[in-house]
Amino acid sequence: MPELPEVETMVRDLKKKVLQRTFLNVWTDAPKLIKKPKRFADFEKGIKRKRILEIYRRAKNIIFELSGGCSLLVHPKMTGHFLIGNWSLTDNSWHAEKRGPMKEKVNSYIHMMFWLDKGPMLALSDLRKFAKVELWRTEELKESEYFKSLGPEPLEKEFSFKIFKDIITMTRGKIKPVLMNPKVIAGIGNIYSDEILWRARLHPLRDTRSIKEKELKEIYNNIKKVLVSAIKLRGESISDFRDPQGKKGFFDTERRVYQREGEKCRRCGSIIKRLKVGGRSAHFCPHCQSN
DNA sequence: ACTAGCCCCTGGGAGC
DNA sequence: TGCTCCCAGGGGCTAG
């Protein structure tokens, strides 16, 4: 499940491989993934012959800044990830493939394929087809209500303890869903919120208004520590996340609570429990993370 | 102002 | 072995 570290891993790899290259063509068998513009023909027309000038991450979005004042935004949601491959489809086989299922899928979950000039192609794999693909005017995207609504980036220098403290104390609710809310802080999802709270020794259901300064400091420090460490390890692959080369991440070695229900806490030996909050499962140690 | 629930989707696990 | 049922989950949305 791509969260900030997995999306950051994809962006860093993509920058090495596809920067300055030009979109020649695009294919999909799941046009519903494309939310903007509404018609695939318009999307196709809009992306063709555009060169990739920059690639960056905002929250869990991957944004390709293109020539001609366009930006391609991809939110991978649950199972989306980019793959870079040397599938040698010539222009002729592309036309053949257009009429039927792709024969050269390296992965049967590829639902979008981008042909680039020179070298390997770019594919979007998405088992559950939840991903969001949008083509924007760059200016409009940067000024969009959506961008403005996103919370701060937790790894930016500007994300000080004071800012963190202010937004958490301002946001009422249970700490786990608050941490996961992209409008509060960008990029933290179910896995990393569980891991952060275990390290900070806070119960996922703690009311934000009851959290003391010292505890806030623990959460703040562990947000940075966990995310930085996960990026170094190239993300998690408990889910089906793979990097653009199709390789797994190594965060599993650092996993302490997520999907460890019934197993022993690595700190105190108590049995890890699971509960539901905000429609998501929260994993925690009932001894270390008392409410 | 909250929160619970629904929806999109599909593989995998459980139960029979 | 194979069928059916149910669940997970990001995030936007609605309904209570």
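Please read these numbers as outputs of a predicted model, since none were measured by experiment. Labels below follow one simple rule: chain letters A, B, ... track the order of the sequence lines, proteins then strands, and each chain is numbered from 1.
Distances shorter than 4.0 Å separate none of the side-chain N or O atoms of A:Thr79 from OP1 or OP2 on B:dC9. Taking side-chain N and O atoms only, A:Lys129 has a distance below 4.0 Å to OP1 or OP2 of B:dT10. Contact annotation: A:Lys77 side-chain N/O to B:dC9 OP1/OP2 distance is not under 4.0 Å. Contact between the side-chain N/O atoms of A:Arg274 and the OP1/OP2 oxygens of C:dA8 is found at a separation under 4.0 Å. Applying the 4.0 Å criterion to OP1 and OP2 of C:dG11, one finds that A:Lys183 has every side-chain N and O outside that range.
If you check B:dC8, C:dG9, C:dG12 against the side chain of A:Arg280, the one that comes closest is C:dG9. Of the candidates B:dC8, C:dG9, B:dA4, the closest approach to any side-chain atom of A:Lys174 belongs to B:dA4. When distances are taken from the side chain of A:Met180 to each of C:dG10, C:dG12, B:dC9, the shortest belongs to C:dG10. When distances are taken from the side chain of A:Arg172 to each of C:dG11, B:dC2, C:dG9, the shortest belongs to B:dC2. Of all nucleotides listed (B:dG11, C:dG11, C:dA8), B:dG11 comes nearest to the side chain of A:Tyr109. In this structure, the nucleotide among C:dG12, C:dG9, C:dG10 sitting nearest to the side chain of A:Gln259 is C:dG9.
Side chain of A:Thr208 to backbone of A:Thr171: a donor-acceptor contact under 3.5 angstrom is found. Listed for the A:Thr79 side chain is a donor-acceptor partner under 3.5 Å among the backbone atoms of A:Arg128.
The interatomic distance linking A:Leu127 (CG) with B:dC8 (C1') rounds to 14 Å, in whole Å. Remark: P of C:dG9 and CD of A:Glu3 are 10 Å apart, rounded to the nearest angstrom. Here the P atom of nucleotide C:dC13 and the CD atom of A:Glu145 are 12 Å apart, to the nearest Å. In this structure, A:Ile191 places its CD1 atom 12 Å from P of C:dG11, rounding to the nearest Å.
The shortest distance between side-chain heavy atoms of A:Trp198 and A:His283 does not fall below 4.5 Å.
Between A:Tyr220 and A:Phe164, the ring planes lie tilted relative to each other; the angle falls in the 30° to 60° range.
Note that the CD atom of A:Glu261 and the CD atom of A:Glu263 stand 9.5 Å from one another [nearest 0.5 Å].
Residue A:Tyr258 is classed as a sugar-phosphate contact, given heavy-atom separations below 4.0 Å to backbone atoms only. Counting non-hydrogen atoms under 4.0 angstrom, A:Lys35 reaches nothing in the nucleic acid.
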